[in-house]
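Start at 1 and go down the list; that is how both ligands and their atoms are numbered.
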Amino acid sequence: YGKKRGFDYCIDYNEEIRQHTKRVLFIETGILNGLQNHEFYMTYQPIVSLGSERVAMMEALMRWESETFGMIMPDEFIPIAEKTRTIIKLGEFALDSACQTVRKMLDTANVSIPISINISAIQLFDSSFYQYVLKTLAKYSLSGAHIIFEITESVALDMTTRTIEVIKLFRALGIKIALDDFGSGYSSLASILNIPFDFIKIDKAIIHKMVMDSEIKIFMGALMYLCHSKGLMVISEGIETAVMCDKVAELQTDYLQGFYYAKPMKAAAAEAYLGLAERS
Ligand code: C2E
Ligand code: MG
Ligand code: MG
Ligand code: MG
């Protein structure tokens, strides 16, 4: 009897693996096709200033509404796109969409809100990326000051002079650079001090732990103090409740981002959120 149950379980398990493999294979091979079919779009999540709660910038976050699998989130498809290097094309799409949205806000409401874009290491070190950035800024008549690049901390981990050089190249265009996911496991304080960042984004996992753990809160206070002494601005992400908001406010964070303020929204909804829709 037990044997039979075990066997049934085995079949289900194999079926699960089969489905998963099918899905990974689909993602591996379906990204470029999905791009052509306009299945990808960017959402925008406001980042507000502490105190005034005014929207200081927005983060561009990619979504894939696949005809075959429905909504696929970036945590699933971005790592695969990095492996197959289709991230280059996705990244171009993200940059173009974000710049288009900045341009539209300028044209329709004369509002200038920088959009920050997540840049994968593969893109950052791809030789065609810099030219693509120049081309796209020119296409929408924008300066570098209209966009921000978010680089995840695993990139900063290998703080080679090459990383620093690439970052300097983009900063020379006026593009500000944020270290994303700080505290999620890779970077050390040294990376903050050695790489010319403008912003540090504290990972949401740390923000969530901080509410329960006063030692983490003390550590975060010291970290924010250090960042400020180096001229870096701190963004706290994953703010979901008023309590989380109060805790990071006590620590003098500069900016806040999270579901408590707004979820990532499609461009039109983001414009409406900003009160731009009725003015246009
Ligand atoms: P990330 O850059 O750290 O983005 C923040 C993530 O936290 C987003 O997840 C956002 O929706 C989510 N988030 C925002 N507020 C809250 C909150 O209050 N609570 C919780 N639990 N989560 C919150 P999302 O959109 O699923 O993106 C996941 C990751 O995928 C991003 O993490 C980023 O690393 C990557 N990603 C997204 N879009 C792009 C893109 O266009 N290019 C690249 N290279 N990576 C991207
Ligand atoms: Mg980010
Ligand atoms: Mg990230
Ligand atoms: Mg992050």
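Here atom 38 (N) of ligand 1 lies nearest to Met62 when heavy atoms of Glu76, Arg63, Met62 are compared. Which of Glu240, Lys204, Met244, Glu82 comes nearest to atom 6 (C) of ligand 1 through a heavy atom is settled by distance: it is Lys204.
Distances from the Mg ion (ligand 4) show that Asp203 has no N/O/S atom below 2.8 Å. Distance check for Asn118 against the Mg ion (ligand 2): an N/O/S atom falls below 2.8 Å.
With sequence neighbours excluded, no residue forms a side chain to side chain donor-acceptor pair (under 3.5 Å) with Glu53.
Enclosure of atom CE in Met212 is not indicated, since only 12 or fewer non-hydrogen atoms of other residues, nucleotides or ligands lie within 6.0 angstrom.
Alongside Tyr255, the hydrophobic cluster contains Ile47, Met57, Ile148, Phe199, Met233, Ile235 (criterion: ILVMFWY side chains under 4.5 Å).
Minimum-distance N/O/S atom of Glu237 relative to the Mg ion (ligand 4): OE2. Nearest to the Mg ion (ligand 4), among the N, O or S atoms that Asp180 has, is OD1.
Rounded to the nearest 10 degrees, the angle OE2 (Glu59) to the Mg ion (ligand 2) to OE1 (Glu150) equals 90°.
Two rings, from Trp64 and Phe26, have their centers less than 6.0 Å apart.
A salt bridge between Lys217 and Asp213 is absent, with no side-chain N of the basic residue lying under 4.0 Å from a carboxylate O of the acidic one.
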